[in-house]
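Throughout, a chain's letter reflects where its sequence line sits, starting with A, and its residues are numbered from 1.
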Number of protein chains: 2
Amino acid sequence: MGLDKEKVENLKTTLEVVCGKWKGIILLELVGRTLRFNELKTELHEASHQTLIKQLKELEADGLIERKAYPVVPPKVEYSLTPYGRELESMLEDMVEWGMRHRSGEKQKEYS
Amino acid sequence: MGLDKEKVENLKTTLEVVCGKWKGIILLELVGRTLRFNELKTELHEASHQTLIKQLKELEADGLIERKAYPVVPPKVEYSLTPYGRELESMLEDMVEWGMRHRSGEKQKEYS
DNA sequence: CGGTATCCAACGTGATACTG
DNA sequence: CAGTATCACGTTGGATACCG
């Protein structure tokens, strides 16, 4: 046998939650602040309206973000991290940092 | 404006590298040890032969793992983390830990 | 034993159009 | 402004069969 099966399952769980095309980025955008739908859409200008909504719904269903709709017209909806989603912050930081090294190093023959 | 564009790009880079269906798990399996192809295949018994090879190739192309082929018959190939891939270890640990909390907490109304 | 080559099904993303 | 519905498309994962 090899690795603890539990660890693998736990990792899978996290990967499933974070690995939507824009999910990680949405979470990063929401670190330390609350954004309206339109603000998110502006930040993620590359993601389509439709896709953005789907990913938000999934993140909400997974308990990572909170959706707060104000009963006004025109509609106003705010998204923020749940306490639960905030527990991902350090991981996101790690990812950003590693990505930075990866991009600057690209062909890191420099390890020799 | 909002978040630093660089941070977003860095995060994207990391997500692309880690978000293959089995990539994260492969990396986790290789933490602290070297495995032959068949051993990996046994560990990841749910992944198909073909898929496993594809993911390994991509991880290799991204510089995360090293492939060492011995010119013997029958063939013997060993996979291990590069120094570069090892820099992901702490992130993987974070993911495992968060996944554990997520699975045990599922409906964490308990935050109140 | 480890890898390649096709081919295909499933899913996720995104475009468009319409609603409250 | 925010969301739903429908459909089209590309990418990915996987099945199968065959090489070194």
Does A:Y79 reach a base, just sugar-phosphate, or nothing at all? Heavy atoms under 4.0 Å.
sugar-phosphate

At under 4.0 Å, does any side-chain N or O of A:R36 touch on OP1 or OP2 of D:dA2?
yes

Atom NZ of A:K23 to atom C1' of C:dT13: distance rounded to whole Å?
12 Å

Go along nucleotides 10-20 of chain D 5' to 3' and tag each nucleotide: B for a protein heavy atom under 4.0 Å from its base, S when only backbone or sugar atoms are that close, - otherwise.
---BBBB---B

Hydrophobic clusters here meaning ILVMFWY residues chained together by side-chain heavy-atom distances under 4.5 Å, can you tell me if A:W22 and A:V31 are in one?
yes

Would you kindly give the CD1-to-C1' distance between A:I53 and C:dA15, to the nearest whole Å?
14 Å

Could you check whether B:K41 gets within reach of a base, just the sugar-phosphate, or nothing at all, counting any heavy atom under 4.0 Å?
nothing

Can you say whether the rings of A:W98 and B:Y84 are parallel (under 30°), tilted (30 to 60°) or perpendicular (over 60°)?
tilted

Taken to the nearest 0.5 Å, the spacing of A:H102 NE2 from B:D62 CG works out to 5.0 Å

Atom CD in A:E58, atom CG in A:L64: separation rounded to 0.5 Å?
11.0 Å

Calculate the interatomic distance between B:E60 atom CD and C:dG2 atom P; express it in whole Å.
15 Å

Rounding to a whole Å, what distance do you find between B:L56:CG and C:dC1:P?
17 Å

Are any of B:R67's side-chain N or O atoms less than 4.0 Å away from OP1 or OP2 of C:dG2?
no

Parallel, tilted or perpendicular: rings of B:Y79 and B:F37 (30°, 60°):
tilted

What is the distance from CZ of A:F37 to P of D:dC1, rounded to the nearest Å?
11 Å

Starting from P on C:dG12, measure out to CG on A:L15 and report it in whole angstrom.
15 Å

Between C:dC1 atom P and B:N38 atom CG, what is the distance in whole Å?
6 Å

Test item: side-chain donor near acceptor, A:E78 and A:Y70, under 3.5 Å
yes

